[in-house]
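In the text below, chain A, chain B and the rest are named by the order of the sequence lines, each starting its count at 1. Hydrogens, waters and symmetry mates play no part in the numbers below; they use all other heavy atoms, side chains included.
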2 protein chains.
Amino acid sequence: MRPNQPSLTPAGEVKRAQPPTLRDVAEAAGVHAATASRALNPSTRRLVSAETARRVIKAAKTLGYQPNPIARSLKTAKSSTVGLVIPDLTNPLFPPIVRGIEDVLEAEGFSAWIVNTDNDPERERVRIDSLRSRQVEGLIIATARVDHPFLEALHEQGVKMVLVNRRVENLEVPYVTADDATGIALAVRHLADLGHRRIAHLAGPQGTSTGVVRSRAFRHAIRDHGLEDDPSLIVECARWNEADGATAMRELLDKDDRFTAVVAGNDLIALGCYDVFAERGISCPDEMSVVGFNDMPFIDKLRPPLTTVGVPHHDIGAEAARMLLDCIEEPERRPRSLLLPVTMVVRDSTTHPRPLPSP
Amino acid sequence: MRPNQPSLTPAGEVKRAQPPTLRDVAEAAGVHAATASRALNPSTRRLVSAETARRVIKAAKTLGYQPNPIARSLKTAKSSTVGLVIPDLTNPLFPPIVRGIEDVLEAEGFSAWIVNTDNDPERERVRIDSLRSRQVEGLIIATARVDHPFLEALHEQGVKMVLVNRRVENLEVPYVTADDATGIALAVRHLADLGHRRIAHLAGPQGTSTGVVRSRAFRHAIRDHGLEDDPSLIVECARWNEADGATAMRELLDKDDRFTAVVAGNDLIALGCYDVFAERGISCPDEMSVVGFNDMPFIDKLRPPLTTVGVPHHDIGAEAARMLLDCIEEPERRPRSLLLPVTMVVRDSTTHPRPLPSP
DNA sequence: GCGTGGACTGCAAACGAGTGCGGGCTATCA
DNA sequence: TGATAGCCCGCACTCGTTTGCAGTCCACGC
């Protein structure tokens, strides 16, 4: 039945190609499987004598015994596994976060199942259900929207989770995000220092907390610096990508030609601006300054290198993972969230505004 | 003991918060668990009467029954899981491949464990061991080197695997790669057509099949077009990244200033060239043309947009996954490999050579 | 009327590890 | 010497599912 049948030794016993099991170890050490189990598990080792523990451990090592995590999970109802829910892995924002998460999980003996939702709620539901049926012990979620009933339902069912990059309104769930408000304030100050007075904002989707926080911070910063406070200078992008960034930029240019700088909701939206500049022959930064957000990999290689707000992606992932592990270990702890510091990364997409042509 | 204790109904029975099990379904349908199992599994459903199958399925649906994959794996020794071994997820080459893999796996009810090796052999060994102990049914490997004893050992132990982007010498293991040789031939022809006669090559590491195949194809193409065949124009990069690409480019420029174009082993190496151009005030493409390889995301946004060889990353992943599933389903089939077609993507980093300054 | 066969279904034993419980042994003390 | 406590260790069951085997029931044919 099995492709490679167990071969018979001359003595007639079956030589198993299968990896050794706990019983094999026990037998080799001359003890019962239960004893072997206790000897191998540090937290129960005190229940066996030092001598037998030593024998069992040695036998395990010589046999190359590896505990079967599936059997262990079945018995303990713990999987040492968490789910990681992101919109799309090919968005360069996420790989560094994922690495941060995995680096922490790995150190604790955990692993992550990654699922992509493509921002489709139905797909998200299906994929999360599948994660839960795989007995994940918690979820790290990067797809949260401001109003997200499904996540609320999960939370009420007691599913442990941590949000990254996003928050959900009225939901007592820990989150880890960059300090978006400060980042935007830094960006606006940078432009104001350069002399810009009329600054536009291509806001991210207002269905995401990130979009809301950043655009609110933008309005505050404009007022704090006494800059031109014109609501029509704020346009919302439907999604966080280049195409929608370009669309918003075109809309903005069509109705107003007097602003000299743009704060983009994130780097991809800034990329969309670049596309429109190319279309319309606008030179950046001479005619228009742009600031992005995130400092994505390779964004420094663009034409021109993008001035942006640097975000500690790896740390965001790492902190989120650590926080989720904390929640798993002590379920009674109350949620604690984290805002990670950002930095202003000045490159070549921003400069002094060109004096307006005299009329 | 358990944090949320099972609550008691007025009747005194225990209301379990736990998800329903197969026995619950069986009980609800008035049959034995074995029968329920057969009814729920399409391939054994013919063993039970249509009527009971209907009852069981209905009961499962009303209870919201989800089979426990852990218990199933323990019994069947199949995990519906494969391992995916890559050097580093933050290399933009991999996310599209990963998506291709997951799209196929998901459709077949499989999932992937992703591990990053950072090209460290020891780390690779540990991570693959951990995958195996998690009972993965096969591996997709993107970290293969030309000489890779560990992979050979795995293969001899009967571990099913598929290589992506790479091959291993003398190893009968299926692989899926881009048609590297044709890609390089296209790149050289493109430069030859533009009038370049003296073309350099920043080869990838010769410890990887990709590096070997591409540099061999480069030498062939140079001869086929009757171009200047100077071995000193080929420099090997230690790794496939920007820093090593830049190092190689500096070395090349220091010893020869008469070549007018470079074929980079991949896009990241080409990025390294860009850095050196900036350092030394060389203008691209006016003074030096560059061709990359892979057509990474966002590489079209560079200064200047990179001419490169387009590779169907998503398809590579998808085909590799399909191939692995085939190997799992019919272990006796002989290995079959795949070379996927590439395309020439001409952008602005290549142009006619500038006539050499008259002496 | 009895044997035969086919169609279902239940029983019980697995898969590999973890764990409450009890039994055996030794040491200690009266 | 006998009772007791304490330390180790093994027995047996459990997690949820699959599956070989055996049994039941009914219909059919000789």
Side-chain angles (χ1 to χ4, degrees), chain A residues 1-2 6 16-56 59-60 63-80 109 132-135 137, chain B residues 1-2 6 16-56 59-60 63-80 109 132-135 137:
Chain A
M1 178 125 307
R2 182 181 306 143
R16 39 164 56 193
Q18 311 293 0
T21 158
L22 184 59
R23 311 178 97 87
D24 298 331
V25 174
E27 199 170 345
V31 296
H32 192 267
T35 307
S37 170
R38 285 186 268 256
L40 259 14
N41 192 328
S43 70
T44 50
R45 188 166 301 155
R46 54 179 184 75
L47 295 175
V48 309
S49 76
E51 162 58 16
T52 46
R54 204 189 52 72
R55 272 214 325 282
V56 170
L63 289 181
Y65 170 71
Q66 292 272 91
N68 181 327
I70 302 202
R72 175 177 291 172
S73 292
L74 180 59
K75 178 62 186 173
T76 63
K78 296 186 189 312
S79 60
S80 290
R132 297 186 64 197
S133 81
R134 284 177 190 274
Q135 314 276 125
E137 297 187 40
Chain B
M1 177 122 308
R2 182 181 303 142
R16 40 163 53 194
Q18 312 294 359
T21 158
L22 185 59
R23 309 178 98 87
D24 297 331
V25 174
E27 199 170 344
V31 296
H32 192 266
T35 307
S37 170
R38 286 187 269 255
L40 257 15
N41 191 329
S43 71
T44 51
R45 187 166 300 154
R46 52 177 186 76
L47 296 174
V48 309
S49 77
E51 163 58 16
T52 46
R54 205 189 52 71
R55 271 213 326 281
V56 171
L63 288 182
Y65 169 71
Q66 292 271 89
N68 181 328
I70 302 204
R72 174 176 293 170
S73 292
L74 181 59
K75 180 62 187 174
T76 62
K78 298 187 187 311
S79 60
S80 291
R132 296 186 64 196
S133 80
R134 284 177 191 274
Q135 316 275 127
E137 297 187 39

Quick one: is [X] getting a side-chain N or O under 4.0 Å of the [N] phosphate, OP1 or OP2?
X	N	answer
B:Arg72	D:dG16	no
B:Thr76	D:dT17	no
B:Ser49	C:dC8	no

Quick one: which residue pairs count as a salt bridge (Lys or Arg N to Asp or Glu O under 4.0 Å) with a foot in residues 39-51 of chain A, not counting sequence neighbours? A:Glu51-A:Arg54, A:Glu51-A:Arg55
Which parts of residues 36-44 of chain B get close to DNA chain D, meaning a heavy atom less than 4.0 angstrom away? B:Ser37, B:Arg38
Relative to the 5' end of DNA chain C, which residue comes earlier, B:Leu74 or B:Leu47, by the nucleotide with the nearest heavy atom? B:Leu47
Assign each of B:Tyr65 and A:Gly30 to its nearest nucleotide of DNA chain D by heavy atoms, then name whichever residue's nucleotide is nearer the 5' end. A:Gly30
If you only use heavy atoms from C-beta on, which nucleotide in D:dC9, C:dT9, C:dA17 is closest to the side chain of A:Val48? D:dC9
Give B:Ser73 one of three labels, base, sugar-phosphate or nothing, depending on what nucleic acid heavy atoms sit under 4.0 Å from its own. nothing
What is the separation between atom [atom1] on [X] and atom [atom2] on [N], rounded to the nearest whole Å?
X	N	atom1	atom2	result
B:Leu63	D:dG16	CG	P	14 Å
B:Leu22	D:dT19	CG	P	12 Å
B:Lys78	D:dT17	NZ	C1'	15 Å
B:Asn68	D:dT18	CG	P	10 Å
A:Ile70	D:dT17	CD1	P	14 Å
A:Arg23	C:dG18	CZ	C1'	12 Å
B:Asp24	D:dT17	CG	C1'	13 Å
A:Gln135	D:dG16	CD	C1'	10 Å

Residues two or more places apart in sequence or in another chain: which of them pass side chain to side chain donor-acceptor pair (under 3.5 Å) with B:Thr52? B:Ser49
Would you list the protein and nucleotides 12-14 of chain D atom pairs, both N or O, that sit under 3.5 Å from each other?
{"from": "D:dT14", "atom 1": "O2", "to": "A:Lys75", "atom 2": "NZ", "distance (Å)": "2.6"}

Does atom CD (B:Gln135) have a neighbourhood of more than 12 heavy atoms from anything else shown, all under 6.0 Å? yes
Keeping to residues at least two apart or across chains, list the side chain to side chain donor-acceptor pair (under 3.5 Å) pairs with something in residues 30-43 of chain B. B:Asn41-B:Ser43
Bend angle of the helix from C:dG1-D:dC30 to C:dA30-D:dT1, end axes from five pairs each (to 10°): 70°
Close side-chain approach of A:Leu22 and A:Leu40, heavy atoms under 4.5 Å: yes
Throw together a table of side-chain donor-acceptor distances under 3.5 angstrom for residues 64-73 of chain A, partners on residues two or more places apart or in other chains.
{"from": "A:Asn68", "atom 1": "OD1", "to": "A:Ile70", "atom 2": "N", "distance (Å)": "2.8"}
{"from": "A:Asn68", "atom 1": "OD1", "to": "A:Ala71", "atom 2": "N", "distance (Å)": "3.2"}
{"from": "A:Ser73", "atom 1": "OG", "to": "A:Pro69", "atom 2": "O", "distance (Å)": "2.8"}
{"from": "A:Ser73", "atom 1": "OG", "to": "A:Lys78", "atom 2": "O", "distance (Å)": "3.0"}

